[in-house]
Structures are given as structure tokens and as C-alpha cells.
Visitor: 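Following this message is one structure expressed as C-alpha cells.
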Amino acid sequence: MRRYLTLWRELLVQSWRRQRKYTAATLAAIAGSVLVVAVCALALREAVDAIVRGDAARALAAAACAAGMYALNLVLQTTADMLRVTTNDRLGRLHLHPRVHQDMAEIEGLEHLERTDFLDRVSIVRSGTGQVSLSMWTAVMAVANVLKLVVTVALLGSVTPWLILLLVFAIVPVWCDHRGQALVKQAEVETAEAYRLHQHLAELAVGVASGKDIRVSGAAAEVVRRQSEAWRAAMGPRSRVQFVAAAWKLAGWLVFTAGFVGSLALLTSLAARGRGTVGDLVLTVTMAASLRQTVASTVMSTTSTAGSRRVLDPYLWLQDYASTDRARARGAQAPPERLLKGIHLRDVTYAYPGTDRLALDGITTVLPAGSVVAIVGEYGSGKTTLVKILTKLYRADSGSITVDDVELASLDTQAWRERSSAAFQDFGRFRTSFAETVGLGDLKHVEDRDRIWQALRETEATDLVERLPNGLDTQLGRELGGVDLSEGQWQRTALARAAMRSEPLLFVLDEPTASLDAPSEQAIFEQQMARARRIGRHTGAVTIVVSHRFSTVTDADLILVLDKGRVVESGNHDELMRDNGRYAELYGIQATAYAAD
């Protein structure tokens, strides 16, 4: 609770700084609504008592005051609701939403975007920034409603202390509703995986890419069946718990109703015996009715405040995760202008969080400056994991990686990445203009058309531009009114993006031609090998090529053969073929398969 209070205070301060007029008006409307109900009830009691005394002028003035307060209360409630929605929307969209994405983007690694337990939280936060800011206003409303309860009980107590017991009856439905909501939350957590599966299958059924496979294979009925099963698995328990929560809520309101009826009977009895005025009875009825509405609002606001934990907990988790990442020791040293020795790995190990299996197990090797290094091996052997560690997307669990005798961890991450260039097998598909999706490879030159054309020429993608309706200015993404590219065209675009940086120290090609046909693959590899040699001579860059096709890496200076996270062989193509080991075996299998084709 202390963390929630701290967060709400921070949000209120931000709201005050960024939109002072809206925030002040919202708080004023909420505070005013607390007072006018009490003033209205007191005015009604005075009007009734004045009528009984025969004081027409006082009765008229009191009645006018009561009517004015009633109308003002309606205006304040409506105004407060509208201002709260507007203020919350501005705070969520203009402050929290960019802040969340900035926190995510500044995290050095990728684990929060790859682990399912992290992704669950990240997904909730990304779609719930408005609810985070709304929780602050919900908390403010909860405080306002509690103050209304205090004022109401104080007025009721002024008639007879016995009426204070109504507060006890008012607390019961709040507790019962919280009890029911706790059960609902527990059920949502327990069925989260089934619900996520349902959403995935729903998107799968209507997606363009998956739609082709589903229709050709005739799997639509099976997808729908599994989606229905996932829906029942997720919503069945939730529906049953909702029924139980409704029963708890009904029980609470029955208790309050019994207390309300009892208080009216008590006051009627007192008035009949001359121990109270008719105005007291009117005041009690008015405040009791107000108490019912206040309790309902309190239940709603407190329940919403408690329910906001569904978003607040992941939001606070992301803040903690980002803060911990920022607090970790980060390098501040600039990378060298030119590599002289290369990259040295000593006993590097890495295991994905939540697993015991080592993705990399004691990797020790030297990647010489200016060399082309090929990493080969079967799927799951650790090739891409090694590449991500070298680009500082992961941190090794143990071991040492040095760049010209300087620890990789000591290098400034942003500076190292500015001297790195990569085309990953799971490349990005940016729905921007074609020029921008290539230019993003070197943000400093994103608008440099000459540099963009050079990158396109180096990856033989100029013909792709010529086929686009508006050339470099063509909008990509059919869903944005542009054109869509084939998988191979997207990959060639990613290769061009990787070629934007002309002087990298680390150049990574991770399955760069997996979506291309064999002739295109061979041509691009030859061109990229020539480019690698050129930048190797100029900056001493290490080029790493990850490929499942062994025939494309025969010209590499060094070939590392990975198996289950370990380097089982290393050398150039001729050396490895003479050793007649794992590399020669896999090379022979592929050569035979391609010859048969």
C-alpha cells in the first residue's frame, strides 16, 4: 500500500505540473461535492422545522438553499466526472504512455520482450497506462467518499448517537464486495494462460499470414474448436467466481438495508414520543439515502482502487525492472576507433532465465580483427544466443568477453551499438516509408538519400525500389494504406538497413538470406563477403555470419561449429573437412541433399 500511495502522489504531482488548471478544477469539484450534500440536508431540516414553527420566510429561504445545493451537487458531480476523464486521458496519453515505452526501450537487454512471464506484465502495462493514471483519481474519489461518510455519520449522530451504528452497516457491503473481488482477481490470475491462448487463437484465425495456411490445410474448424476450449477454460471459472462475488455483494446490501430500515423505525418512534422534530426525521431520511449512495460510491471507488492492482503491480514491476537495469554497472568507455586484436571470449556461459539448460556452455575462442567468422550448427545450438551476447542484448552469466583487451561490459552500450550493424533472422518490419525503414539502420543518416541508395546498392535491392509505386517514399504496410512486401523483400530491406553503417566494428549477419531463393542468396552472400572484407581492412571489423547453409560460409576465415552450446570444432573450411568431424558430416549431408534436389 505504501508503494501505491507513493505512486499516486507522484501521479498527482505530475498532473498538477502538466495540467494545473484541469487538475485544480477537478479537485475543487470533488471537494465541493463533499460539502453540498451536508448543507442540503441541514437546509431541508431547517425548512421543515420552520414550517412547523410557522416561520414562512425562514422556511422559504431554507428551502431555496436546499434546492440550490441539490442543483449544485448535480452540477459538481457531472463536472467532476467530465474533468476527471479529461485530466486522466491527458495524463495517461501525454505522460505515462510515452514514459512506459521509453522505460522499455532504455532497458539494455531483451528478456522483458522474450520471456512469457515478463511479456504478460508488459502487455498489461502497455494497454493500461490510462488505468494507471485513473487509479490515482479513483483513490482521490475513494478519499472523497470516505469524507462524505464521515460528514454523513456526524450529522446522523447529532440527531441520536444510535444512528452512528449505520456506519457499521455501511461497512459490511464494502467488505463483502472486496471479498468477492478478491476471488475474481484470483480466478483471473489462475486462468490467465488459457485466456492468453484464446486471444492468440482468435488472432490466428483472422490474421492474413496465418489465414492462408488455415484455409489451405482446412484447419479452420480445429482452430475454432481449440479457441472455444480455451474460452471455456478461461471464462468458465471466471463466470462461476463472478456469481459467488455477486452473492457476497447481495449479502452485504441486505445487511445495510436491515440497518437502514431499523434506523427509520427508531426515529419514527422518537418523533412520536416528542424526543425529536419532524426536521430530524427529514434530515435522517435525507442523509440515510445519501449514505446509501455514498456507500455505493465508496464501494465502487474502493473496489476500483483495489482492482487497479491488476495494472499497478505490473506497472510498478516495470519501474523496478527498469530502475534495476539502470542501476546495474554499465560501461562508460568508448569503443576503439579501429579493432587491432579482435574479440576474445573466455569460458562464456549463459542460461535463459527460468531454465537449467545452458544455451552457451564455456565458449572460448578468438574472433580476429578484420576476419569473417562463420557460426554453424543445428537449430538450438546457441548460434543466435552468442550473437545477442556480442551485441549486448544479453549479458553472459559468467566468463569474459574482451574487445581489444577491454571488457565488453566496460564499453558504453549505446556507443558499442553505434559501431555495430546487424541483420537478424527475426528482422523488424517497420511500417514507415521505404526510405525510413532502410535509413533507420543509421539514425543519424535516416534522411540521407545518398547513403540509403548506397546501402541498397550494396545489398542489390535497388530493383526493389524501382518496383514500388512511389519509390523511396512508398508507404509500407497495407493496414496503413501502403503496400506490403513479400517475406524475401522484407529481408532484403533488413539487409539494406544493416548496410547503412559504413564503419562498424562488429557486423552481424544472422541467417540473412533465409527467406531468399538460392541464386539470390548466393549473390547476396558474395556481395556481403566482399563488403565484410572491405570494412575489415578499413576498421578491423569482425564480421559474424550465422547460416544453416554450409555452402555459403566456405570462404570464412574461421568457422565455429556449435553443438548444445559448446564449440566442438573450429578452423577454416579446408581444415575442418580434413578433420572429417562434425562439420564435414553436416556439410556432406547438405551437399548430398542439394545435389538430389
Side-chain angles (χ1 to χ4, degrees), residues 93-94 97-107 110 113 122 126-127 129 203 206-212 391 393 414-415 417-504 506-517 520-521 523-525 527-528 531 535:
R93 291 181 182 274
L94 301 181
H97 196 69
R99 177 180 173 182
V100 163
H101 286 80
Q102 182 176 351
D103 284 344
M104 291 172 56
E106 290 179 349
I107 293 173
L110 287 177
L113 300 177
V122 169
R126 288 185 60 197
S127 60
T129 51
E203 294 173 0
V206 299
V208 175
S210 56
K212 296 190 291 291
T391 52
L393 297 175
Q414 186 61 35
R417 288 177 180 164
E418 288 178 357
R419 296 301 305 277
S420 303
S421 185
F424 294 103
Q425 58 178 320
D426 49 348
F427 48 84
R429 295 164 176 79
F430 303 105
R431 268 67 174 182
T432 61
S433 70
F434 186 86
E436 287 180 337
T437 201
V438 173
L440 285 171
D442 190 356
L443 200 57
K444 296 177 182 178
H445 299 91
V446 68
E447 297 181 358
D448 187 339
R449 295 298 177 98
D450 291 336
R451 179 71 69 86
I452 292 171
W453 276 112
Q454 180 182 346
L456 292 169
R457 285 192 293 270
E458 290 185 351
T459 52
E460 295 194 345
T462 55
D463 61 324
L464 173 57
V465 182
E466 294 169 357
R467 291 197 294 268
L468 296 175
N470 297 314
L472 291 178
D473 297 316
T474 301
Q475 171 68 45
L476 301 181
R478 193 169 298 165
E479 63 273 26
L480 297 178
V483 300
D484 209 353
L485 303 179
S486 68
E487 190 73 7
Q489 290 172 328
W490 275 119
Q491 185 151 50
R492 292 173 68 188
T493 304
L495 279 167
R497 185 163 56 244
M500 280 293 294
R501 285 182 175 153
S502 58
E503 297 183 347
L506 177 66
F507 182 37
V508 175
L509 296 171
D510 181 13
E511 299 283 7
T513 56
S515 300
L516 302 179
D517 56 76
S520 298
E521 178 184 43
I524 287 178
F525 256 110
Q527 192 168 36
Q528 291 306 303
R531 181 175 186 270
I535 61 177

Visitor: Start with the C-alpha gap between Leu476 and Phe430, add the side-chain angles, then the distance that decides, and say whether side chain to side chain contact (heavy atoms under 4.5 Å, CB included) holds.
Guide: CA-CA 8 Å; Leu476 301 181; Phe430 303 105; over 6 Å; no
Visitor: Do you know which two heavy atoms are closest between Gln475 and Thr432, and how far apart they sit?
Guide: NE2-O, 3.7 Å
Visitor: Is the backbone N or O of Leu472 less than 3.5 Å from a side-chain atom of Arg449, with the two atoms forming a donor-acceptor pair by type?
Guide: no
Visitor: As an exercise, state the distance from CG of Leu485 to CZ of Arg478, rounded to the nearest 0.5 Å.
Guide: 10.0 Å
Visitor: Kindly check if the number of other-residue, nucleotide or ligand heavy atoms within 6.0 Å of CD (Glu106) is above 12?
Guide: yes
Visitor: Would the distance check show the side chain of Arg497 and the main-chain N or O of Leu440 forming a donor-acceptor pair, the cut-off being under 3.5 Å?
Guide: no
Visitor: Is the backbone N or O of Thr459 less than 3.5 Å from a side-chain atom of Arg492, with the two atoms forming a donor-acceptor pair by type?
Guide: no
Visitor: Looking only at heavy atoms, which two atoms of Phe507 and Ala498 are closest? And how far apart?
Guide: CE1-O, 4.1 Å
Visitor: Picking from Thr493, Asp473, Asn470, what satisfies side-chain contact (heavy atoms from CB on, under 4.5 Å) with Phe434?
Guide: Thr493
Visitor: List the residues meeting salt bridge (Lys or Arg N to Asp or Glu O under 4.0 Å) with Asp426, not counting sequence neighbours, and say none if there are none.
Guide: none
Visitor: side-chain hydrogen bond (donor to acceptor under 3.5 Å, both in side chains) with Glu503: which residues, sequence neighbours excluded?
Guide: His538
Visitor: For Arg431, look at atom CZ and say whether over 12 heavy atoms of other residues, nucleotides or ligands are found less than 6.0 Å away.
Guide: yes
Visitor: Counting heavy atoms not belonging to Arg429, are there more than 12 under 6.0 Å from its CZ?
Guide: yes
Visitor: Do any N or O atoms from the side chain of Gln528 and from the backbone of Glu458 form a donor-acceptor pair under 3.5 angstrom?
Guide: yes
Visitor: One pair to check against side chain to side chain contact (heavy atoms under 4.5 Å, CB included): Arg417 and Leu393. What are the steps and the verdict?
Guide: CA-CA 10 Å; Arg417 288 177 180 164; Leu393 297 175; 3.6 Å; yes
Visitor: Under the salt bridge (Lys or Arg N to Asp or Glu O under 4.0 Å) rule, collect the residues that match up with Asp448, sequence neighbours excluded.
Guide: none
Visitor: For the side chain of Arg501 and the backbone of Ser420, is there at least one donor-acceptor N/O pair under 3.5 Å apart?
Guide: yes
Visitor: Sequence neighbours left out, what passes side-chain hydrogen bond (donor to acceptor under 3.5 Å, both in side chains) with Arg457? Give chain and number order.
Guide: none
Visitor: What are the two closest heavy atoms between Leu464 and Gln489, and how far apart are they?
Guide: CD1-NE2, 3.4 Å
Visitor: Go through the steps for Leu509 and Leu495 under the test side chain to side chain contact (heavy atoms under 4.5 Å, CB included), then give the verdict.
Guide: CA-CA 8 Å; Leu509 296 171; Leu495 279 167; 3.9 Å; yes
Visitor: Can you see which heavy atom on Arg451 is nearest to which on Asp442, and at what distance?
Guide: NH1-OD2, 3.5 Å
Visitor: Shortest non-hydrogen contact from Ala455 to Ala496?
Guide: CB-O, 3.4 Å
Visitor: Just by modelled atom types, is the Ala499 backbone N or O under 3.5 Å from a matching donor or acceptor in the Arg531 side chain?
Guide: yes
Visitor: Let me see the working for Met500 and Ile452 under side chain to side chain contact (heavy atoms under 4.5 Å, CB included), right down to the final yes or no.
Guide: CA-CA 7 Å; Met500 280 293 294; Ile452 292 171; 4.1 Å; yes
Visitor: Mind checking what makes side-chain hydrogen bond (donor to acceptor under 3.5 Å, both in side chains) contact with Arg99, not counting sequence neighbours?
Guide: none
Visitor: What pairs with Ser421 under side-chain hydrogen bond (donor to acceptor under 3.5 Å, both in side chains), at least two apart in sequence or on another chain?
Guide: none
